[in-house]
Amino acid sequence: MIPINTLTAIQSRRSIPNFKNEDVQRNILQAIFTYGSYAPTHYMKEPWRIKLYEKKGTRKLVEAIIASYQHLGMLKSADADPAAQKMTDSMRRFLLKIPHHAVIYFPRETDPARYDEAYASVCTFIQNAQLAAWEYGVGMLWTNPPYMYDQAFYTDIGLDYKTDKIVAVMQIGYPAKIPLFKGRTPIADKMTFITEE
Ligand SMILES: Cc1cc2nc3c(=O)[nH]c(=O)nc-3n(C[C@H](O)[C@H](O)[C@H](O)COP(=O)(O)O)c2cc1C
């Protein structure tokens with residue numbers, strides 16, 4: 001592990017869309033999410049939950065994703081025609097090649113303030129994990145795909161839409177290539193100091 005300081009990690013981390021064909025060891029994945037769990041958490045609820053798909057386990061997730069895209073009308077049924085079959089196969093191949101997928105979710109809260117706190121805390125958990133991963137040379141892509149809002153998808157992966165809320169589906173692995181920095185707007189453009197009554 002190369003030591004990087006916090007500020008450098010924050011600046012140099014990139015979202016990684018392509019991965020090497022190499023698994024990240026389980027103890028490293030556990031360390032990454034352990035660092036994630038140092039996130040701030042109101043009432044010490046630690047609301048984050050993780051389903052980590054890898055190896056043959058990924059198939060279960062990928063079939064649920066494909067079923068959801070079909071069910072949402074975003075992908076034709078594979079037996080509809082050869083083009084649909086080709087598209088389904090190519091999506092399946094692409095998703096199966098990603099070394100690890102993490103579905104990050106939390107138990108839904110009925111009170112709006114508690115819900116926001118839990119959601120916010122899980123987001124900080126994810127960003128902590130992304131930064132820790134970067135330090136281990138591991139890349140992540142935070143995704144917010146349409147199936148995250150599909151009740152049937154929740155059921156297919158053993159969650160309950162009524163009581164669980166998915167925050168992100170993370171793609172994880174060693175980066176094949178690190179994308180260029182896209183830049184950021186100077187913060188002065190977005191920041192107002194209020195100094196007088
Ligand atoms: C809540 C959230 C959802 C995102 N969803 C996607 C996504 O679905 N697909 C994707 O390619 N990137 C997604 N991203 C990653 C952004 O595209 C990425 O952070 C942005 O392009 C800036 O790149 P950087 O992270 O390398 O600085 C998401 C990021 C966040 C915070």
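Whatever order the structure lists ligands and atoms in, that order sets their numbers, starting from 1. Just so it is clear, the structure is predicted and the values come from calculations on it, not from any experiment.
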Is the shortest distance from a Lys or Arg side-chain nitrogen in E117 or K45 to a carboxylate oxygen in the other one below 4.0 Å? no
Could you list who else is in I187's hydrophobic cluster, with ILVMFWY side chains joined at under 4.5 Å, directly or through other members? M191, F193
Kindly state each residue pair satisfying salt bridge (charged side-chain N to carboxylate O under 4.0 Å, His left out) with at least one member in residues 71-86, sequence neighbours excluded. K76-D81
When you check ligand 1 against the protein, what N or O pairs turn up below 3.5 Å? List the atom names and distances, or just say none.
{"from": "ligand 1", "atom 1": "5 (N)", "to": "W142", "atom 2": "O", "distance (Å)": "3.1"}
{"from": "ligand 1", "atom 1": "8 (O)", "to": "N144", "atom 2": "N", "distance (Å)": "3.2"}
{"from": "ligand 1", "atom 1": "14 (N)", "to": "W142", "atom 2": "O", "distance (Å)": "3.0"}
{"from": "ligand 1", "atom 1": "19 (O)", "to": "S15", "atom 2": "OG", "distance (Å)": "3.3"}
{"from": "ligand 1", "atom 1": "21 (O)", "to": "K182", "atom 2": "NZ", "distance (Å)": "2.5"}
{"from": "ligand 1", "atom 1": "25 (O)", "to": "R13", "atom 2": "NH1", "distance (Å)": "3.1"}
{"from": "ligand 1", "atom 1": "25 (O)", "to": "R13", "atom 2": "NH2", "distance (Å)": "3.0"}
{"from": "ligand 1", "atom 1": "25 (O)", "to": "S15", "atom 2": "OG", "distance (Å)": "2.6"}
{"from": "ligand 1", "atom 1": "26 (O)", "to": "R14", "atom 2": "NE", "distance (Å)": "3.0"}
{"from": "ligand 1", "atom 1": "26 (O)", "to": "S15", "atom 2": "N", "distance (Å)": "2.7"}
{"from": "ligand 1", "atom 1": "27 (O)", "to": "R14", "atom 2": "NH2", "distance (Å)": "2.8"}
{"from": "ligand 1", "atom 1": "27 (O)", "to": "R184", "atom 2": "NH2", "distance (Å)": "2.9"}

In terms of hydrophobic clustering (I, L, V, M, F, W, Y; side-chain heavy atoms under 4.5 Å; direct or indirect links), are L141 and I65 co-clustered? no
Cation-pi, F181 ring and R13 (6.0 angstrom, 45 degrees): no
May I have all residue pairs that pass salt bridge (charged side-chain N to carboxylate O under 4.0 Å, His left out) and include part of residues 174-185, sequence neighbours excluded? none
